[in-house]
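Structure first, commentary second.
No hydrogens, no waters, no symmetry mates; every other heavy atom, side chains included, goes into these values. Quick caveat: nothing in here was measured; it's all calculated off a predicted structure.
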Amino acid sequence: MTLIEDLKRIEGEALARIAQTEDLASLDAARVEFLGKKGSLTGVLRGLGALSTEERPAVGKVSNEVRQAIEAAIEERKAMLAQAELAERMSAGAVDVTLPGRKRLPGRAHLISQITAEVVDIFAGLGYQVAEGPEVELAHYNFTALNHPPTHPARAATDTFYVSDAGGSGREGDPESDVLLRTHTSPVQVRVLEQQKPPVYVIVPGRVYRRDIADPSHLPQFHQIEGLAVEEGITFGDLKGTLDHVCRELFGRDRKTRFRPHFFPFTEPSAEVDVSCGICVGSGCRFCKNTGWLEILGCGMVDPNVFGYVDIDPERHVGFAFGMGVERIAALRYDIPDLRMLVEGDMRFLRQF
Ligand code: DAH
(Lines give C-alpha, C1' and ligand atoms only; values in the text may rest on other atoms or scores of the structure.)
Protein backbone atom coordinates (compact mmCIF):
# COMPACT_ATOMS: atom_id res chain seq x y z
CA MET A 1 0.00 0.00 0.00
CA THR A 2 2.89 2.33 -0.67
CA LEU A 3 0.73 4.42 -3.02
CA ILE A 4 -1.66 5.26 -0.21
CA GLU A 5 1.28 6.15 2.00
CA ASP A 6 2.64 8.36 -0.79
CA LEU A 7 -0.74 10.05 -1.08
CA LYS A 8 -0.89 10.69 2.66
CA ARG A 9 2.67 12.07 2.61
CA ILE A 10 1.78 14.36 -0.29
CA GLU A 11 -1.31 15.54 1.57
CA GLY A 12 0.75 16.33 4.66
CA GLU A 13 3.40 18.21 2.61
CA ALA A 14 0.79 20.09 0.63
CA LEU A 15 -1.16 21.24 3.68
CA ALA A 16 2.03 22.36 5.40
CA ARG A 17 3.20 24.26 2.31
CA ILE A 18 -0.20 25.90 1.81
CA ALA A 19 -0.26 27.02 5.42
CA GLN A 20 3.14 28.68 4.91
CA THR A 21 2.23 30.70 1.82
CA GLU A 22 2.15 34.44 2.45
CA ASP A 23 0.56 35.74 -0.71
CA LEU A 24 -1.69 34.66 -3.56
CA ALA A 25 1.24 34.17 -5.95
CA SER A 26 3.06 31.64 -3.75
CA LEU A 27 -0.28 29.94 -3.04
CA ASP A 28 -0.81 29.44 -6.77
CA ALA A 29 2.73 28.10 -7.12
CA ALA A 30 1.91 25.53 -4.40
CA ARG A 31 -1.28 24.58 -6.23
CA VAL A 32 0.66 23.90 -9.44
CA GLU A 33 3.30 21.98 -7.52
CA PHE A 34 0.81 19.55 -5.97
CA LEU A 35 -2.23 19.52 -8.25
CA GLY A 36 -0.84 20.65 -11.61
CA LYS A 37 -0.39 18.46 -14.66
CA LYS A 38 3.18 17.78 -13.63
CA GLY A 39 2.32 17.99 -9.95
CA SER A 40 3.15 15.39 -7.32
CA LEU A 41 -0.43 14.15 -6.87
CA THR A 42 -0.80 13.65 -10.61
CA GLY A 43 2.51 11.81 -10.62
CA VAL A 44 1.29 9.35 -7.97
CA LEU A 45 -1.98 8.75 -9.81
CA ARG A 46 -0.06 7.75 -12.91
CA GLY A 47 1.00 4.65 -10.97
CA LEU A 48 -2.69 3.73 -10.52
CA GLY A 49 -2.72 1.76 -13.80
CA ALA A 50 -0.21 -0.68 -12.41
CA LEU A 51 -2.50 -1.67 -9.54
CA SER A 52 -4.81 -4.63 -9.47
CA THR A 53 -8.55 -4.04 -9.89
CA GLU A 54 -9.05 -4.91 -6.21
CA GLU A 55 -6.56 -2.34 -5.02
CA ARG A 56 -7.61 0.43 -7.38
CA PRO A 57 -10.89 1.61 -5.72
CA ALA A 58 -9.27 2.05 -2.32
CA VAL A 59 -6.35 4.03 -3.75
CA GLY A 60 -8.74 5.98 -5.98
CA LYS A 61 -10.84 6.88 -2.96
CA VAL A 62 -7.87 8.10 -0.96
CA SER A 63 -6.52 10.08 -3.90
CA ASN A 64 -9.87 11.84 -4.25
CA GLU A 65 -9.91 12.62 -0.56
CA VAL A 66 -6.37 13.97 -0.74
CA ARG A 67 -7.19 16.13 -3.77
CA GLN A 68 -10.31 17.49 -2.05
CA ALA A 69 -8.41 18.17 1.15
CA ILE A 70 -5.68 20.03 -0.76
CA GLU A 71 -8.25 21.99 -2.82
CA ALA A 72 -10.20 22.90 0.29
CA ALA A 73 -7.01 24.05 2.03
CA ILE A 74 -6.10 26.16 -1.02
CA GLU A 75 -9.55 27.81 -1.11
CA GLU A 76 -9.48 28.54 2.58
CA ARG A 77 -5.95 29.96 2.40
CA LYS A 78 -6.86 31.96 -0.70
CA ALA A 79 -9.79 33.64 1.06
CA MET A 80 -7.59 34.46 4.02
CA LEU A 81 -4.77 35.90 1.92
CA ALA A 82 -7.13 37.92 -0.26
CA GLN A 83 -8.65 39.41 2.85
CA ALA A 84 -5.21 40.26 4.25
CA GLU A 85 -4.07 41.80 0.96
CA LEU A 86 -7.17 43.94 0.77
CA ALA A 87 -6.70 45.10 4.33
CA GLU A 88 -3.10 45.96 3.58
CA ARG A 89 -3.94 47.86 0.42
CA MET A 90 -6.60 49.80 2.30
CA SER A 91 -4.33 50.81 5.12
CA ALA A 92 -1.51 51.76 2.70
CA GLY A 93 -3.68 54.14 0.70
CA ALA A 94 -5.67 55.20 3.69
CA VAL A 95 -7.49 58.52 3.72
CA ASP A 96 -8.14 59.70 7.24
CA VAL A 97 -11.54 61.29 6.86
CA THR A 98 -11.37 62.64 10.40
CA LEU A 99 -8.44 64.98 9.55
CA PRO A 100 -9.42 68.64 9.21
CA GLY A 101 -9.54 69.87 5.61
CA ARG A 102 -7.18 72.49 4.18
CA LYS A 103 -8.93 75.81 4.33
CA ARG A 104 -8.52 78.34 1.58
CA LEU A 105 -8.85 81.71 3.18
CA PRO A 106 -10.49 84.35 1.01
CA GLY A 107 -8.27 87.36 0.35
CA ARG A 108 -9.22 90.87 1.30
CA ALA A 109 -8.00 94.44 0.92
CA HIS A 110 -5.22 95.54 3.29
CA LEU A 111 -6.37 97.90 6.06
CA ILE A 112 -4.54 100.81 4.37
CA SER A 113 -6.38 100.13 1.12
CA GLN A 114 -9.68 99.87 2.99
CA ILE A 115 -9.24 103.22 4.73
CA THR A 116 -8.02 104.88 1.54
CA ALA A 117 -11.13 103.66 -0.27
CA GLU A 118 -13.31 104.88 2.58
CA VAL A 119 -11.81 108.38 2.57
CA VAL A 120 -12.02 108.59 -1.22
CA ASP A 121 -15.66 107.53 -0.93
CA ILE A 122 -16.46 110.26 1.60
CA PHE A 123 -14.95 112.90 -0.70
CA ALA A 124 -16.63 111.44 -3.76
CA GLY A 125 -19.84 112.14 -1.86
CA LEU A 126 -18.77 115.79 -1.62
CA GLY A 127 -18.11 115.99 -5.37
CA TYR A 128 -14.33 115.48 -5.39
CA GLN A 129 -12.56 113.63 -8.19
CA VAL A 130 -9.59 111.32 -7.73
CA ALA A 131 -6.24 112.47 -9.09
CA GLU A 132 -2.87 110.75 -9.00
CA GLY A 133 0.75 111.71 -9.56
CA PRO A 134 4.14 109.99 -9.86
CA GLU A 135 5.95 108.59 -6.82
CA VAL A 136 9.28 109.42 -8.49
CA GLU A 137 8.97 113.17 -8.70
CA LEU A 138 10.86 116.29 -9.70
CA ALA A 139 12.11 118.55 -6.91
CA HIS A 140 10.25 121.30 -8.73
CA TYR A 141 6.87 119.77 -7.89
CA ASN A 142 7.78 118.27 -4.54
CA PHE A 143 9.35 121.44 -3.15
CA THR A 144 9.92 124.50 -5.32
CA ALA A 145 6.42 125.04 -6.67
CA LEU A 146 5.10 124.33 -3.18
CA ASN A 147 7.00 127.36 -1.95
CA HIS A 148 9.73 125.46 -0.09
CA PRO A 149 12.78 127.75 -0.08
CA PRO A 150 16.13 126.14 -1.04
CA THR A 151 17.09 126.14 2.62
CA HIS A 152 14.01 124.23 3.83
CA PRO A 153 15.13 121.23 5.93
CA ALA A 154 12.81 118.83 4.04
CA ARG A 155 15.02 119.43 0.98
CA ALA A 156 18.06 118.04 2.76
CA ALA A 157 19.49 114.71 1.63
CA THR A 158 19.03 113.50 5.19
CA ASP A 159 15.23 113.87 4.90
CA THR A 160 14.55 112.89 1.28
CA PHE A 161 15.52 110.00 -1.02
CA TYR A 162 17.14 111.51 -4.09
CA VAL A 163 17.18 109.43 -7.25
CA SER A 164 19.57 111.81 -8.99
CA ASP A 165 22.04 114.42 -7.81
CA ALA A 166 22.52 115.40 -4.20
CA GLY A 167 19.36 117.34 -3.62
CA GLY A 168 19.64 119.67 -0.75
CA SER A 169 23.06 118.44 0.29
CA GLY A 170 24.57 121.75 -0.67
CA ARG A 171 26.39 120.41 -3.74
CA GLU A 172 26.22 122.35 -6.98
CA GLY A 173 23.44 121.21 -9.31
CA ASP A 174 20.11 122.22 -10.68
CA PRO A 175 17.71 121.86 -7.76
CA GLU A 176 14.78 122.11 -10.19
CA SER A 177 15.61 118.98 -12.14
CA ASP A 178 16.61 116.85 -9.16
CA VAL A 179 14.61 113.62 -9.12
CA LEU A 180 13.44 112.20 -5.82
CA LEU A 181 10.92 109.92 -4.17
CA ARG A 182 8.10 112.28 -3.26
CA THR A 183 7.96 113.12 0.44
CA HIS A 184 4.24 113.95 0.33
CA THR A 185 1.26 113.89 -2.03
CA SER A 186 1.16 117.71 -2.17
CA PRO A 187 3.09 117.92 -5.50
CA VAL A 188 -0.03 116.53 -7.17
CA GLN A 189 -1.75 119.81 -6.24
CA VAL A 190 0.63 121.58 -8.60
CA ARG A 191 0.33 118.94 -11.32
CA VAL A 192 -3.48 119.11 -11.19
CA LEU A 193 -3.53 122.91 -11.32
CA GLU A 194 -1.25 122.82 -14.38
CA GLN A 195 -3.83 120.67 -16.15
CA GLN A 196 -7.18 121.87 -14.82
CA LYS A 197 -8.61 125.33 -14.35
CA PRO A 198 -10.86 126.11 -11.34
CA PRO A 199 -13.24 125.01 -10.05
CA VAL A 200 -11.03 122.11 -8.93
CA TYR A 201 -12.02 119.56 -6.30
CA VAL A 202 -9.58 116.64 -6.15
CA ILE A 203 -8.63 113.96 -3.67
CA VAL A 204 -5.20 112.36 -4.14
CA PRO A 205 -4.30 109.05 -2.48
CA GLY A 206 -0.76 107.75 -2.81
CA ARG A 207 2.53 106.46 -1.46
CA VAL A 208 5.19 108.75 -0.07
CA TYR A 209 8.77 108.25 1.12
CA ARG A 210 10.96 109.73 3.81
CA ARG A 211 14.37 108.91 5.18
CA ASP A 212 13.00 107.79 8.52
CA ILE A 213 14.03 104.66 10.35
CA ALA A 214 10.96 102.48 10.97
CA ASP A 215 9.79 102.73 14.57
CA PRO A 216 6.38 102.58 16.29
CA SER A 217 5.30 105.90 14.78
CA HIS A 218 7.41 106.14 11.57
CA LEU A 219 7.74 104.20 8.34
CA PRO A 220 10.13 105.11 5.50
CA GLN A 221 7.29 104.43 3.08
CA PHE A 222 3.71 105.30 3.95
CA HIS A 223 0.47 106.60 2.46
CA GLN A 224 -1.15 110.00 2.35
CA ILE A 225 -4.38 111.42 1.07
CA GLU A 226 -4.20 114.94 -0.23
CA GLY A 227 -7.15 117.18 -0.92
CA LEU A 228 -7.40 120.37 -2.92
CA ALA A 229 -10.33 122.69 -3.58
CA VAL A 230 -9.94 125.82 -5.70
CA GLU A 231 -12.77 128.10 -6.64
CA GLU A 232 -13.86 131.71 -6.29
CA GLY A 233 -15.07 132.70 -2.85
CA ILE A 234 -13.91 129.67 -0.83
CA THR A 235 -13.18 130.43 2.81
CA PHE A 236 -11.42 128.86 5.78
CA GLY A 237 -14.94 128.11 7.03
CA ASP A 238 -15.45 125.79 4.05
CA LEU A 239 -12.23 124.00 4.95
CA LYS A 240 -13.34 123.59 8.57
CA GLY A 241 -16.78 122.36 7.63
CA THR A 242 -15.34 119.86 5.16
CA LEU A 243 -12.79 118.43 7.58
CA ASP A 244 -15.28 118.34 10.46
CA HIS A 245 -17.59 116.26 8.31
CA VAL A 246 -14.80 113.91 7.24
CA CYS A 247 -13.53 113.39 10.81
CA ARG A 248 -16.99 112.47 12.03
CA GLU A 249 -17.47 110.08 9.14
CA LEU A 250 -14.12 108.45 9.85
CA PHE A 251 -14.08 108.38 13.63
CA GLY A 252 -17.70 108.66 14.71
CA ARG A 253 -20.42 111.27 15.21
CA ASP A 254 -19.40 112.00 18.79
CA ARG A 255 -15.86 113.11 17.91
CA LYS A 256 -14.84 116.76 18.05
CA THR A 257 -12.17 118.50 15.98
CA ARG A 258 -9.75 121.25 16.86
CA PHE A 259 -7.76 123.47 14.48
CA ARG A 260 -4.35 124.56 15.78
CA PRO A 261 -2.32 127.25 14.00
CA HIS A 262 0.72 125.73 12.28
CA PHE A 263 3.09 126.45 9.43
CA PHE A 264 3.34 124.84 6.01
CA PRO A 265 5.21 126.59 3.19
CA PHE A 266 2.39 126.11 0.66
CA THR A 267 -0.60 127.22 2.75
CA GLU A 268 -1.33 130.50 4.49
CA PRO A 269 -2.81 130.45 7.04
CA SER A 270 -2.05 126.83 7.96
CA ALA A 271 -3.40 124.59 10.66
CA GLU A 272 -3.04 121.16 12.12
CA VAL A 273 -6.25 119.35 12.92
CA ASP A 274 -6.74 117.20 16.00
CA VAL A 275 -9.62 114.87 16.70
CA SER A 276 -10.79 114.31 20.28
CA CYS A 277 -9.36 111.18 21.85
CA GLY A 278 -11.81 108.31 21.55
CA ILE A 279 -10.36 106.43 24.49
CA CYS A 280 -10.58 109.05 27.27
CA VAL A 281 -13.16 111.22 25.43
CA GLY A 282 -10.99 114.27 25.98
CA SER A 283 -10.04 113.95 29.64
CA GLY A 284 -6.50 112.82 28.90
CA CYS A 285 -4.89 109.38 28.77
CA ARG A 286 -1.71 107.66 27.66
CA PHE A 287 -2.98 107.20 24.10
CA CYS A 288 -3.37 110.96 23.59
CA LYS A 289 -0.36 111.79 25.75
CA ASN A 290 -2.71 113.37 28.28
CA THR A 291 -3.84 116.09 25.90
CA GLY A 292 -7.29 114.72 25.07
CA TRP A 293 -6.48 115.27 21.36
CA LEU A 294 -4.93 113.29 18.53
CA GLU A 295 -3.31 115.01 15.55
CA ILE A 296 -4.62 113.71 12.25
CA LEU A 297 -3.80 116.09 9.42
CA GLY A 298 -2.31 119.32 8.11
CA CYS A 299 -4.26 121.90 6.13
CA GLY A 300 -4.59 125.51 5.14
CA MET A 301 -5.55 128.04 2.50
CA VAL A 302 -3.46 127.68 -0.66
CA ASP A 303 -0.58 130.18 -0.57
CA PRO A 304 -0.88 132.74 -3.41
CA ASN A 305 2.75 131.94 -4.30
CA VAL A 306 1.67 128.42 -5.30
CA PHE A 307 -0.94 129.88 -7.68
CA GLY A 308 1.91 131.95 -9.16
CA TYR A 309 3.64 128.73 -10.33
CA VAL A 310 0.56 127.45 -12.16
CA ASP A 311 -0.71 130.66 -13.68
CA ILE A 312 -3.86 131.02 -11.63
CA ASP A 313 -4.89 134.52 -10.61
CA PRO A 314 -4.63 134.68 -6.79
CA GLU A 315 -6.77 137.81 -6.75
CA ARG A 316 -9.67 135.88 -8.17
CA HIS A 317 -9.30 132.31 -6.97
CA VAL A 318 -9.01 130.94 -3.49
CA GLY A 319 -8.29 127.42 -2.41
CA PHE A 320 -7.84 125.16 0.53
CA ALA A 321 -5.74 122.04 0.83
CA PHE A 322 -5.16 119.30 3.35
CA GLY A 323 -3.08 116.17 3.71
CA MET A 324 -3.53 113.19 6.02
CA GLY A 325 -1.48 110.10 6.78
CA VAL A 326 -3.44 106.91 6.17
CA GLU A 327 -1.35 104.77 8.55
CA ARG A 328 -1.98 107.34 11.26
CA ILE A 329 -5.74 107.24 10.72
CA ALA A 330 -5.61 103.44 10.88
CA ALA A 331 -3.60 103.55 14.11
CA LEU A 332 -5.97 106.05 15.73
CA ARG A 333 -9.08 104.21 14.70
CA TYR A 334 -7.98 100.75 15.80
CA ASP A 335 -5.48 101.60 18.58
CA ILE A 336 -2.60 100.06 16.62
CA PRO A 337 0.40 100.52 18.90
CA ASP A 338 3.12 100.16 16.23
CA LEU A 339 2.86 101.24 12.57
CA ARG A 340 5.30 98.49 11.58
CA MET A 341 2.54 95.95 12.17
CA LEU A 342 0.92 97.30 9.00
CA VAL A 343 3.83 96.19 6.82
CA GLU A 344 4.92 92.97 8.48
CA GLY A 345 2.33 90.89 6.61
CA ASP A 346 1.30 88.88 9.66
CA MET A 347 -2.12 87.52 8.74
CA ARG A 348 -3.13 87.09 12.37
CA PHE A 349 -2.99 90.88 12.59
CA LEU A 350 -4.30 91.78 9.13
CA ARG A 351 -7.25 89.40 9.19
CA GLN A 352 -8.83 91.40 12.00
CA PHE A 353 -9.77 94.20 9.66
N1 DAH B 1 2.20 117.71 2.85
C2 DAH B 1 2.14 117.87 4.29
C3 DAH B 1 3.00 116.81 4.96
O4 DAH B 1 3.32 115.84 4.37
C5 DAH B 1 0.73 117.74 4.79
C6 DAH B 1 -0.12 118.88 4.34
C7 DAH B 1 -0.24 120.01 5.11
C8 DAH B 1 -0.78 118.84 3.14
C9 DAH B 1 -1.01 121.08 4.74
C10 DAH B 1 -1.57 119.92 2.74
C11 DAH B 1 -1.67 121.03 3.55
O12 DAH B 1 -2.22 119.94 1.59
O13 DAH B 1 -2.42 122.09 3.15
O14 DAH B 1 3.33 116.98 6.11
Side-chain angles (χ1 to χ4, degrees), residues 1-117 214 221 330 334-353:
M1 281 284 115
T2 53
L3 270 187
I4 288 186
E5 276 164 22
D6 280 351
L7 288 169
K8 286 291 178 194
R9 180 179 48 77
I10 287 169
E11 178 180 359
E13 277 174 20
L15 296 186
R17 171 71 61 80
I18 288 164
Q20 277 166 18
T21 55
E22 284 181 349
D23 52 40
L24 294 172
S26 59
L27 180 62
D28 198 55
R31 181 187 62 78
V32 172
E33 186 181 333
F34 293 100
L35 302 181
K37 271 189 198 145
K38 294 176 187 161
S40 19
L41 185 63
T42 322
V44 172
L45 294 179
R46 273 202 201 102
L48 217 58
L51 296 178
S52 64
T53 34
E54 295 83 49
E55 286 171 322
R56 233 179 264 165
V59 177
K61 184 170 175 274
V62 173
S63 82
N64 271 338
E65 285 166 4
V66 168
R67 170 175 288 278
Q68 278 164 15
I70 294 173
E71 279 173 356
I74 287 173
E75 283 313 306
E76 195 184 324
R77 187 72 185 162
K78 191 188 255 176
M80 214 204 89
L81 289 176
Q83 182 73 37
E85 275 183 26
L86 179 65
E88 173 147 338
R89 256 189 295 141
M90 278 173 57
S91 71
V95 174
D96 183 347
V97 294
T98 65
L99 282 175
R102 281 192 204 158
K103 251 198 233 170
R104 282 187 190 229
L105 293 168
R108 71 183 75 189
H110 189 280
L111 176 59
I112 294 303
S113 305
Q114 290 180 32
I115 292 184
T116 302
Q221 177 198 305
Y334 297 106
D335 305 343
I336 297 169
D338 191 326
L339 295 188
R340 290 172 295 189
M341 297 170 92
L342 291 164
V343 290
E344 278 165 354
D346 186 333
M347 288 305 291
R348 292 169 301 179
F349 170 72
L350 295 174
R351 262 203 296 270
Q352 300 175 90
F353 309 105

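Using a 4.0 Å cut-off between charged nitrogen and carboxylate oxygen, Arg17 and Glu13 do not count as a salt-bridge pair.
Going from atom CD1 of Ile10 over to atom CZ of Arg67 covers 11.0 Å, rounded to the nearest 0.5 Å. Distance check: Glu71 CD to Asn64 CG gives 9.5 Å after rounding to the nearest 0.5 Å. Taken to the nearest 0.5 Å, the CG atom of Leu105 stands 5.0 Å off from the CZ atom of Arg351. Atom CG of Leu81 sits about 5.0 Å away from atom OG1 of Thr21, to the nearest 0.5 Å. Taken to the nearest 0.5 Å, the CE atom of Met80 stands 10.5 Å off from the CG atom of Leu24. To the nearest 0.5 Å, atoms CE (Met347) and CZ (Arg108) are separated by 6.5 Å.
Between Gly345 and Leu350, the closest heavy-atom pair is CA-CD1, 3.9 Å. Considering every non-hydrogen atom in both Gln20 and Arg77, the closest pair reads C-NH2, 4.5 Å. Closest of all the heavy-atom pairs between Val59 and Leu7 is O-CD1, 3.8 Å. For Ile336 against Met341, the heavy-atom pair with the smallest separation is CG2-SD, 4.1 Å. Nearest approach of Leu15 to Ala73, heavy atoms of both residues: CD2-CB, 3.3 Å. Minimum heavy-atom separation, Ser113 to Ala109: CB-CB, 4.1 Å.
Applying the salt bridge (charged side-chain N to carboxylate O under 4.0 Å, His left out) test to Asp23 and every residue at least two apart in sequence or in another chain returns nothing. In this view, Asp338 and Arg340 satisfy the side-chain hydrogen bond (donor to acceptor under 3.5 Å, both in side chains) rule, not counting sequence neighbours. Not counting sequence neighbours, Glu85 has no partner by the salt bridge (charged side-chain N to carboxylate O under 4.0 Å, His left out) test. Residues satisfying the side-chain contact (heavy atoms from CB on, under 4.5 Å) test with Ala19, not counting sequence neighbours, are none. Here Phe353 pairs with Tyr334, Phe349 under the ring-ring contact (aromatic ring centres under 6.0 Å, His included) rule; sequence neighbours left out. Listed by chain and number, the residues in a salt bridge (charged side-chain N to carboxylate O under 4.0 Å, His left out) with Arg31 are Asp28 (sequence neighbours excluded). Partners of Arg348 according to the salt bridge (charged side-chain N to carboxylate O under 4.0 Å, His left out) rule, which considers only residues two or more places apart in sequence or in another chain, are Asp346. With sequence neighbours excluded, the residues that form a side-chain contact (heavy atoms from CB on, under 4.5 Å) with Leu86 are Arg89, Met90. Taking Glu88 as the reference, nothing meets the side-chain contact (heavy atoms from CB on, under 4.5 Å) condition, with sequence neighbours excluded. Legend: residues meeting side-chain hydrogen bond (donor to acceptor under 3.5 Å, both in side chains) with Glu65, ordered by chain and number and at least two apart, are Lys61. Remark: Glu76 pairs with no residue by the side-chain contact (heavy atoms from CB on, under 4.5 Å) rule, at least two apart or across chains.
Put simply, the side chain of Leu342 reaches to within 4.5 Å of the side chain of His110, judged on heavy atoms. For the pair Val343/Gln221, no side-chain contact is recorded, criterion being any heavy-atom separation below 4.5 Å from C-beta on.
Counting heavy atoms of neighbouring residues, nucleotides and ligands inside a 6.0 Å radius, atom CD of Gln352 exceeds 12 of them.
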May I have the list of side-chain donor-acceptor pairs in residues 40-50 shorter than 3.5 Å, sequence neighbours left out?
residue : atom : partner : partner atom : Å
Ser40   : OG   : Glu33   : O            : 3.3
Thr42   : OG1  : Gly36   : O            : 2.6
Arg46   : NH2  : Lys37   : O            : 3.4

